[in-house]
Amino acid sequence: VQQKRWKVETNSRLDSVLLLSSINLPGGELRRKSAEDELAMRDYLQEGDLISAEVQSIFSDGAVSLHTRSLKYGKLAQGVLVQVSPSLVKRQKTHFHDLPCGASVILGNNGFIWIYPTPEQKDDEAGGYTANLEPVPLSDREVISRLRNCIVALVTHKIMLFDTSILYCYEASLPHQIKDILKPEVTEEIVLEARQRLLDSEG
């Protein structure tokens with residue numbers, strides 16, 4: 001937390017900057033940010049918080065300026081972070097995906113992937129800065145763990161990550177237990193099946 005800005009680690013050469021003026025205040029209100037907002041910056045975001053944000057501009061020295069003006073961006077509450085090589089994340093129109101298996105993924109272009117339970121209702125009241133800390137049901141945790149292992153399996157075999165490849169891998173892994181997915185022979189079998197389905201769908 002710095003003067004009128006947050007420094008954000010985004011897996012790039014330099015830390016990125018999120019300006020106080022580039023966020024929606026809780027409640028979604030749009031107004032000039034005052035000295036009181038500056039004093040309350042830690043109430044919105046503090047060290048150790050995970051956020052989703054969009055790149056607004058790039059400075060001449062290569063540092064990135066972020067913004068979270070849209071209500072789909074903001075603080076991330078409960079889920080699992082997977083760090084992969086950015087080269088394996090396929091660029092698409094949208095990087096927010098609600099998968100039919102009951103979990104959602106955010107595929108960051110910087111190689112940070114966030115897997116979380118699909119929210120039942122989109123609450124736009126908080127402007128993206130209240131974290132839901134309700135306990136996550138076991139069934140959701142199992143889905144998230146399986147997705148996480150599937151992503152690691154795809155990365156091991158250098159398969160591009162996007163919603164379809166992750167879903168095909170997830171479906172191929174269903175006959176196996178979650179902890180077995182990362183066994184090399186099981187990983188290979190699952191990834192081969194997912195790769196074949198991708199080729200069939202493209203072909």
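FYI, side chains are in, hydrogens and waters are out, and symmetry mates aren't considered; it's all heavy atoms of this structure.
Side-chain contact between Val89 and Met160 is absent, with no heavy-atom pair separated by less than 4.5 Å. Side-chain contact check for Ser65 versus Phe59: some heavy-atom pair is nearer than 4.5 Å. Within the 4.5 Å cutoff, no side-chain heavy atoms of Leu19 are placed close to those of Lys4. Contact check for Val105 versus Asp163: no side-chain heavy atoms found under the 4.5 Å cut-off.
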Quiz item: After noting the C-alpha distance and the side-chain angles of Ile166 and Leu107, does the key distance pass the side chain to side chain contact (heavy atoms under 4.5 Å, CB included) rule?
Solution: CA-CA 11 Å; Ile166 293 170; Leu107 300 168; 3.8 Å; yes
Practice problem: With side chain to side chain contact (heavy atoms under 4.5 Å, CB included) as the test, would you mind laying out the steps for Gln92 and His97 before giving the verdict? | Solution: CA-CA 11 Å; Gln92 292 182 289; His97 301 290; 3.4 Å; yes
Quiz prompt | Steps toward side chain to side chain contact (heavy atoms under 4.5 Å, CB included) verdict (Leu45, Leu18) | solution = CA-CA 11 Å; Leu45 294 171; Leu18 176 62; 3.8 Å; yes
Practice problem: With side chain to side chain contact (heavy atoms under 4.5 Å, CB included) as the test, would you mind laying out the steps for Leu76 and Ser52 before giving the verdict? | Solution: CA-CA 7 Å; Leu76 303 173; Ser52 61; 4.1 Å; yes
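Under the 4.5 Å side-chain heavy-atom criterion for grouping Ile, Leu, Val, Met, Phe, Trp and Tyr, Val143 is connected to Leu174 within one hydrophobic cluster. Ile159 and Leu182 end up in the same hydrophobic cluster when Ile, Leu, Val, Met, Phe, Trp and Tyr side chains are linked at under 4.5 Å. Residues Ile115 and Val152 fall within the same hydrophobic cluster, defined by Ile, Leu, Val, Met, Phe, Trp and Tyr side chains chained together at heavy-atom separations under 4.5 Å. Hydrophobic clustering of Ile, Leu, Val, Met, Phe, Trp and Tyr side chains at less than 4.5 Å, counting indirect connections, unites Val1 with Ile51. With hydrophobic clusters built from ILVMFWY side chains whose heavy atoms lie under 4.5 angstrom apart, Leu88 shares a cluster with Val191.
One finds the CD1 atom of Ile181 at 11.0 Å from the CD1 atom of Ile151 (value rounded to the nearest 0.5 Å). From Arg148, atom CZ reaches atom OH of Tyr170 across 15.5 Å, with rounding to the nearest 0.5 Å. Separation of atoms CG (Leu198) and OH (Tyr168) is listed at 6.5 Å; rounding is to 0.5 Å. Taken to the nearest 0.5 Å, the CD atom of Glu185 stands 7.5 Å off from the OG1 atom of Thr187. Taken from CD1 in Ile58 to CG in Leu14, the straight-line distance is 11.5 Å, to the nearest 0.5 Å. Separation of atoms CD1 (Ile190) and NE2 (His157) is listed at 9.5 Å; rounding is to 0.5 Å.
The side chain to side chain contact (heavy atoms under 4.5 Å, CB included) test with Trp6 singles out one residue from Ile23, Val17, Asp15, and that residue is Ile23.
Between the side chains of Tyr73 and Glu54, at least one donor-acceptor pair of N or O atoms lies under 3.5 Å. Judged by distance alone, the side chains of Ser104 and Asp98 do bring a donor and an acceptor atom under 3.5 Å apart.
Considering all non-hydrogen atoms of both residues, Ser165 and Leu154 come closest at O-CD1, 3.8 Å. Ser21 and Arg69 get closest at one heavy-atom pair: O-NH2, 2.6 Å. Closest heavy-atom contact between Met41 and Gln2: CE-O, 3.4 Å. Scanning both residues, Ala103 and Leu147, for their nearest heavy atoms gives CB-CD1, 3.6 Å. Minimum interatomic distance between Val80 and Ile144 (heavy atoms only, all atoms of both residues): CG2-CG2, 3.6 Å. Between Ser22 and Leu66, the shortest heavy-atom contact is CB-O, 3.6 Å.
Proximity of a side-chain donor or acceptor of Arg146 to a complementary backbone N or O of Ser173 within less than 3.5 Å is detected.
Ion pairing between a basic and an acidic side chain is recognised when a charged N comes within 4.0 Å of a carboxylate O; Lys75 and Asp49 show such pairing. A salt bridge links Glu47 and Arg42; the closest N-O separation between the charged side-chain nitrogens and carboxylate oxygens is under 4.0 Å.
Among residues two or more places apart in sequence or in another chain, the salt bridge (charged side-chain N to carboxylate O under 4.0 Å, His left out) test is passed with Arg197 by Glu171.
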